[in-house]
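Please read all numbers here as calculations on a predicted model, not as lab measurements. Ligands are counted one by one from 1 in listed order, and the atoms in each one are counted from 1 as well. The analysis underlying the following values was restricted to heavy atoms, covering all of them including side chains, and did not include hydrogens, waters or symmetry mates.
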Amino acid sequence: MSKEAILEAVASEVKACTRCSLWRSRKNAVPGEGDSNAKVMFVGEAPGYWEDVKGKPFVGAAGKFLDSLLVEAGLLRRQVFIGNVLKCRPPGNREPAPDEIEACASFLDRQIMAIRPKLIITLGNYSTAYIFAKAGIPFKGVTEARGKFYQANVLGLALTVFPTLHPAAGLYSAKYKQLLMEDFRLLRVKIHELGLTA
Ligand code: URA
């Protein structure tokens, strides 16, 4: 099966998924999107209001900010793949529940294994905890982990993990906005070093 076929299969399963209770309140599932040959993959937490309406990741206010951060890192949205730990919106944007993360896990894992990225950027606590657990890296919270590059083995793939804050944090705190900008500037340098530009 080609990687495109795997990603399509995952997306159709996600759209029909009833593995946890979130399907009852969703308007649209959000499988994730981007280049199936992406070397750089972003992992967010869960769809919010606009993602649920449109069925696409990071299309609300946090997504607009992410777009400007991508520019900071010298990346185009169409060069990367953007996914989430949860594929359906938790009502009222509450935090993901452990049983929801577990029920959804195989979708993200299959996306990672199909894409085989060289660099995974985790956005916020939940996605960092998720990827660190896969890599066997101890995790104390994203504010401590952020802004550093970790050589890791994730699902049998040797790659670099770069945790940063969730872009939504930069919308309510000038300090977090600053930290996000700093992290994405570091990312720009690393992407050049690793030769990950298109
Ligand atoms: N926040 C996320 O974590 N993911 C999205 O897709 C949108 C907002």
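None of Arg78, Lys56, Lys54 except one satisfies the salt bridge (Lys or Arg N to Asp or Glu O under 4.0 Å) rule with Glu33; the exception is Lys56. Results of the side chain to side chain contact (heavy atoms under 4.5 Å, CB included) test with Gln151 over Thr160, Leu159, Ile137 single out Thr160 as the only residue that passes.
For Glu182, the salt bridge (Lys or Arg N to Asp or Glu O under 4.0 Å) test picks out no residue, with sequence neighbours left out. In this view, Tyr126 and Glu95 satisfy the side chain to side chain donor-acceptor pair (under 3.5 Å) rule, not counting sequence neighbours. Checked against ring pair (Phe, Tyr, Trp, His ring centres under 6.0 Å), Phe107 has no partners two or more places apart in sequence or in another chain.
Using a heavy-atom distance under 4.0 Å as the criterion, the protein contacts of ligand 1 are Gly44, Glu45, Ala46, Glu51, Pro57, Phe58, Asn84, His166.
Taking the centre and axis of the six-membered ring of Phe162, the NZ or CZ atom of Lys190 falls outside the cone set by 45° and 6.0 Å.
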